[in-house]
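Since the structure comes first, as C-alpha cells, the remarks are kept for the end.
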Amino acid sequence: MSSRPPVYLLRDPGHFLSFGFGSGYAPKAPGTFGTLAAIPVWWMAAQFSTLFYLGIVALVILLGVWLCGRTATALNTHDHPAIVWDEIAGFLVTMLFVPAGWLWVLLGFGLFRLFDILKPWPISWLDNSCKGGFGIMVDDVVAGVFACLGLHGLVWLSQYVA
C-alpha cells in the first residue's frame, strides 16, 4: 500500500488535515514527515496555558477519530500510510508537561517515532485489534503516552546530570 492517494483529496479540508497538511504524501517515511508537521502545531499550542494545551490535545484526538475514519473510508482501506493526523496527536501527547526547548522537542520526536515504529505491547495489540478512526488514532496516542513517560524520565535524569 505504498501508493499515494489521489492529490485531489487534498482539496477537502478534512482529508488535508488527515494527511497532516500534505506531509503524509511524502514518498518515504510519511509517519516521520507527519511527526515533523506536528512540531509547528506543538509550538503554537505550547504558547498557551497548560489547561488550554490539554484542550487542544483532546480536540486533536477527538477530531482525529472522525477525520482519520472518514479519510480511511474514502481510500477504502483501514490505515493508509498517508493518514498522519494520528502522528500529530501522538506527538502532542508526547510533549505534555515537558519543558520548552529544542532538546526536548528532538528527544520527544525520537522517542515518539521509536514507540510508533516498534509498537511494543499494548501498542501493537491496539494497532491490530481496533478498527476505524479510533483504531487509527489509539495506537499513536498510546505511543505518545509511552514517549511522554520516557521523556519525563529523561527530564528527571537531566536534573542530576547537569
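Counting begins at 1 with the first residue of the sequence. Keep in mind that this is a model prediction, so the values were computed, not measured.
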L51 reachable from L59 in the ILVMFWY side-chain graph, under 4.5 Å edges = no
Go through the steps for N128 and D139 under the test side chain to side chain contact (heavy atoms under 4.5 Å, CB included), then give the verdict.
-> CA-CA 9 Å; N128 293 322; D139 65 303; over 6 Å; no
Output all residues satisfying side chain to side chain contact (heavy atoms under 4.5 Å, CB included) with P5, sequence neighbours left out; order by chain, then residue number.
-> L9, F19, Y25, L75, H80, A82
Considering non-hydrogen atoms only, spot the tightest contact between V65 and M137 and give its length.
-> N-CG, 3.6 Å
Looking at W85 and C68, what are the two nearest heavy atoms and their distance?
-> CB-SG, 3.8 Å
Sorted by chain and number, sequence neighbours left out, ring-ring contact (aromatic ring centres under 6.0 Å, His included) with F48 holds for F52
Heavy atoms of I56 and A45 approach each other most closely as CD1-CB, 3.8 Å
List, one per line, each side-chain donor-acceptor pair under 3.5 Å for residues 87-110, sequence neighbours excluded.
unit_1	atom_1	unit_2	atom_2	d
T94	OG1	G90	O	2.9

Step-by-step side chain to side chain contact (heavy atoms under 4.5 Å, CB included) determination, Y53 to W42 = CA-CA 9 Å; Y53 183 88; W42 164 80; 3.3 Å; yes
Residues that D12 engages under side-chain hydrogen bond (donor to acceptor under 3.5 Å, both in side chains), provided they are two or more places apart | R70
With sequence neighbours excluded, what pairs up with F146 under the ring-ring contact (aromatic ring centres under 6.0 Å, His included) test?
-> F115
For the atom pair CD1 (I83) and OG1 (T77), what is the distance rounded to the nearest 0.5 Å?
-> 7.5 Å
Taking a hydrophobic cluster as the set of Ile, Leu, Val, Met, Phe, Trp and Tyr residues connected by side-chain heavy atoms closer than 4.5 Å, whether directly or through intermediates, do L62 and W66 fall within one such cluster?
-> no
Side-chain heavy atoms of F21 within contact of S23, under 4.5 Å = no
I136 vs H78 side-chain heavy atoms within contact, under 4.5 Å = yes
Residues which pass side-chain hydrogen bond (donor to acceptor under 3.5 Å, both in side chains) with T32, listed by chain and number, not counting sequence neighbours | R113
Show your working on side chain to side chain contact (heavy atoms under 4.5 Å, CB included) between T35 and F112 and close with a plain yes or no.
-> CA-CA 9 Å; T35 307; F112 174 69; 3.6 Å; yes
Quick one: CD1 on I123 to CG on L118, what's the gap to the nearest 0.5 Å?
-> 9.0 Å
Closest contact, heavy atoms only, T71 versus S18 | OG1-OG, 2.8 Å
